[in-house]
2 protein chains.
Amino acid sequence: MRDNGLSRREREKLRHRNEMLKVALELFSEKGYHNVSMHEVAGRAEFAIGTLYKFFKNKEDLYRSLMLTLAESYHQLLVEALNSDGGVLIRLKNYVDAKAKVFTDNVSMVRLYFAETRGASFNIKAGLDSELREVYENSLQLLASTFETGIREGVFRKMDPYYLAVALDGLTNAFLFCWLEDPEGHSYEKNAPVILDGFLHGVLSQ
Amino acid sequence: MRDNGLSRREREKLRHRNEMLKVALELFSEKGYHNVSMHEVAGRAEFAIGTLYKFFKNKEDLYRSLMLTLAESYHQLLVEALNSDGGVLIRLKNYVDAKAKVFTDNVSMVRLYFAETRGASFNIKAGLDSELREVYENSLQLLASTFETGIREGVFRKMDPYYLAVALDGLTNAFLFCWLEDPEGHSYEKNAPVILDGFLHGVLSQ
DNA sequence: ATAAATTGTGACGAAGGGTTCATTAAATGG
DNA sequence: CCATTTAATGAACCCTTCGTCACAATTTAT
């Protein structure tokens with residue numbers, strides 16, 4: 001019973017669990033939730049099927065655990081960006097960049113996130129979705145409150161801050177999709193400043 | 001062998017086919033592709049399972065037929081909006097409105113379109129997706145060419161027209177998602193002008 | 001060293017879904 | 001009115017997948 005409260009046994013167990021999650025992420029993001037069997041996950045993780053079921057009570061539980069972990073770490077980075085030092089414009093830039101970083105650093109996570117998140121409410125049982133959606137909604141709310149600050153400071157026009165958040169989120173997502181489909185052709189990192197510029201100044205010439 | 005080249009027999013057959021497609025749309029959009037069985041479609045359409053297979057050679061074929069039909073009619077409306085009379089700004093407004101109309105008129109189609117389109121490339125066999133994606137890409141290209149015109153005319157700033165299209169598409173999608181999740185709370189029709197305004201003029205106050 | 005507890009195993013059962021095909025029913029037209 | 005073509009049927013087949021459970025291996029405690 002050493003270390004940070006975890007015995008060697010427990011640490012090993014956690015390693016095994018993480019190994020399974022890692023493999024599950026790989027497979028799910030390669031082939032989608034419904035095209036991956038528990039046997040496949042167990043096989044690739046080099047555990048027996050029963051062992052997998054010792055760790056996750058069923059397939060959905062495995063998927064939920066995976067998605068929540070990912071969504072939370074994803075959310076965490078966005079929170080940090082939005083709470084960073086500097087004015088609202090700098091914080092927004094950090095937000096866009098953080099999103100870029102999360103995406104480019106971890107393509108398979110992103111693929112899975114979008115593939116099953118956008119359509120998930122109709123594909124997968126509702127329980128998961130509400131938890132996930134909550135994390136997502138939190139990000140949006142925090143972004144909205146940043147806009148609210150900006151409006152109070154007179155930086156932004158008086159518009160509904162929540163919708164501003166929706167707009168910026170939608171914009172970044174759109175460009176991230178572009179990048180996902182053709183990473184060479186559409187560099188998100190190159191586009192990020194352009195996105196923000198267009199968003200801030202509009203697209204009209206005058 | 002009367003009417004527009006179709007015998008009564010053939011018209012009846014077509015009606016049956018459409019009936020099956022209608023039911024398939026209902027079920028798929030309610031529960032997602034993988035959670036609907038062929039037996040279920042046949043049952044709800046009040047045909048025997050074998051009959052369903054007379055019309056569609058397998059489940060994927062059923063799904064493909066459905067999606068292509070929908071995507072094409074959807075695309076058609078956007079094309080009309082973008083080719084309407086008037087300057088680029090009017091055409092853009094028509095585009096945003098047409099999209100709103102398509103969405104609000106036909107919720108289940110939209111649910112299905114997004115649920116399986118965004119993530120589809122990882123969930124469903126590739127063949128379908130490339131056809132669908134082509135329709136989608138055509139819409140984007142047409143929108144881009146509208147922006148190109150606008151840039152030549154000096155209406156818009158000199159930006160990549162394709163990315164402008166991506167941006168506007170992403171923006172409208174984001175707000176449509178909002179509306180999908182909470183139709184009362186987030187009226188797309190009320191937001192449409194705001195979206196376009198923000199897009200054109202930017203969100204900065206000065 | 002031995003007993004107890006924990007962790008890992010994988011054959012197996014049960015359920016469900018996609019697809020086929022032999023059969024029945026209906027329509028056509030000579 | 002009958003022969004032929006066309007449409008509809010649904011039981012049965014096969015395959016895949018989830019999830020269990022009795023047993024084996026390994027670690028920990030005594």
Side-chain angles (χ1 to χ4, degrees), chain A residues 1-3 5-24 26-28 30-66 116 122-125 127-128, chain B residues 1-3 5-24 26-28 30-67 116 123-125 127-128:
Chain A
M1 308 98 184
R2 308 272 58 257
D3 219 85
L6 268 58
S7 66
R8 209 211 68 235
R9 212 92 190 285
E10 289 169 316
R11 268 178 284 134
E12 195 121 293
K13 204 175 164 184
L14 208 65
R15 263 200 26 248
H16 289 178
R17 194 189 133 99
N18 286 336
E19 185 61 28
M20 292 174 191
L21 283 174
K22 192 189 111 201
V23 167
E26 278 171 28
L27 285 172
F28 284 146
E30 266 170 36
K31 310 164 61 169
Y33 180 78
H34 291 284
N35 299 320
V36 173
S37 72
M38 291 298 266
H39 281 90
E40 207 175 347
V41 175
R44 183 118 133 205
E46 293 177 274
F47 287 98
I49 182 70
T51 312
L52 184 56
Y53 275 97
K54 281 271 158 59
F55 283 80
F56 306 96
K57 78 168 186 291
N58 55 37
K59 190 179 177 184
E60 202 190 316
D61 185 44
L62 168 61
Y63 184 75
R64 191 209 331 279
S65 305
L66 180 59
E116 307 282 355
F122 321 117
N123 290 337
I124 302 195
K125 287 229 187 72
L128 156 62
Chain B
M1 310 96 184
R2 308 274 57 256
D3 219 87
L6 267 60
S7 68
R8 210 210 68 233
R9 212 89 190 287
E10 289 169 316
R11 271 178 282 134
E12 195 121 293
K13 207 173 162 185
L14 208 66
R15 263 199 28 246
H16 290 178
R17 193 188 133 100
N18 285 336
E19 185 61 28
M20 292 174 190
L21 282 174
K22 192 188 111 202
V23 167
E26 277 171 28
L27 285 172
F28 283 145
E30 268 170 34
K31 311 163 62 170
Y33 181 80
H34 290 285
N35 298 320
V36 173
S37 72
M38 290 298 264
H39 289 272
E40 209 175 346
V41 175
R44 186 121 130 200
E46 293 176 276
F47 287 99
I49 182 71
T51 312
L52 185 55
Y53 274 92
K54 278 272 156 52
F55 283 81
F56 307 97
K57 77 170 188 292
N58 54 37
K59 189 180 179 184
E60 202 192 317
D61 185 45
L62 169 61
Y63 184 75
R64 187 205 338 277
S65 306
L66 182 59
M67 289 306 288
E116 307 283 354
N123 291 337
I124 302 195
K125 288 227 188 71
L128 156 62

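We use all heavy atoms of the structure for the numbers below, so side chains are in, but hydrogens, waters and symmetry mates are not.
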Distance check needed: C:dG16 C1' versus B:His34 NE2, whole Å only. 15 Å

Over all strands shown, is B:Phe55 touching base, sugar-phosphate only, or nothing at heavy-atom distances under 4.0 angstrom? sugar-phosphate

Of B:Arg9 and B:Asn58, whose closest DNA chain C nucleotide lies nearer the 5' terminus? B:Asn58

Any B:Thr51 side-chain N or O less than 4.0 Å from OP1/OP2 of D:dA7: no

Distance in Å, B:Leu62 CG paired with B:Met20 CE, rounded so as to fall on 0.5 Å steps: 9.5 Å

Under the side-chain contact (heavy atoms from CB on, under 4.5 Å) rule, what do B:Phe56 and B:Arg64 come out as? Steps first, then yes or no, please. CA-CA 10 Å; B:Phe56 307 97; B:Arg64 187 205 338 277; over 6 Å; no

With a 4.0 Å cut-off on heavy atoms, is A:Val41 in touch with a base, just the backbone sugar-phosphate, or nothing at all? nothing

Atom NZ of B:Lys54 and atom P of D:dT5: how far apart are they, to the nearest Å? 16 Å

Starting at atom CD of B:Glu10, determine the distance to atom P of D:dT6, rounded to an integer number of angstrom. 11 Å

Strictly below 4.0 Å: does A:His16 bring a side-chain N or O up to OP1 or OP2 of C:dG8? yes

Could you check how far CD of A:Glu46 sits from C1' of C:dT9, rounded to whole Å? 14 Å

Got a second to check how far A:His16's NE2 is from A:Glu46's CD, nearest 0.5 Å? 11.0 Å

Quick one: do A:Lys22 and A:Glu19 make a salt bridge, cutoff under 4.0 Å? yes

Are B:Lys13 and B:Glu10 ion-paired here, with the side-chain N under 4.0 Å from a carboxylate O? no

More 5' along DNA chain C: B:Glu12 or A:Phe47, using each one's nearest nucleotide? A:Phe47

With under 30° as parallel and over 60° as perpendicular, where do the rings of B:His34 and A:His34 fit, or are they tilted in between? parallel

Rounded to the nearest Å, what distance is computed from the NE2 atom of residue A:His39 to the P atom of nucleotide C:dT9? 13 Å

Residue closer to the 5' end of DNA chain D, A:Lys59 versus B:Ile49 (nearest nucleotide): B:Ile49

Whole angstrom is fine here: how far is it from CZ in B:Arg11 over to P in C:dA27? 15 Å

Is the distance from OP1 or OP2 of D:dA7 to the nearest side-chain N or O of B:Lys13 less than 4.0 Å? yes

Looking at residues at least two apart in the chain, or sitting in another chain, which of them share a ring-ring contact (aromatic ring centres under 6.0 Å, His included) with A:Tyr53? none

Axis deviation across the helix from C:dA1-D:dT30 to C:dG30-D:dC1, five-pair ends, to the nearest 10°: 0°

Atom CE of B:Met20 to atom P of D:dA7: distance rounded to whole Å? 12 Å

When rounded to whole Å, the CG to C1' distance for the pair B:Leu52 and C:dT19 reads 11 Å

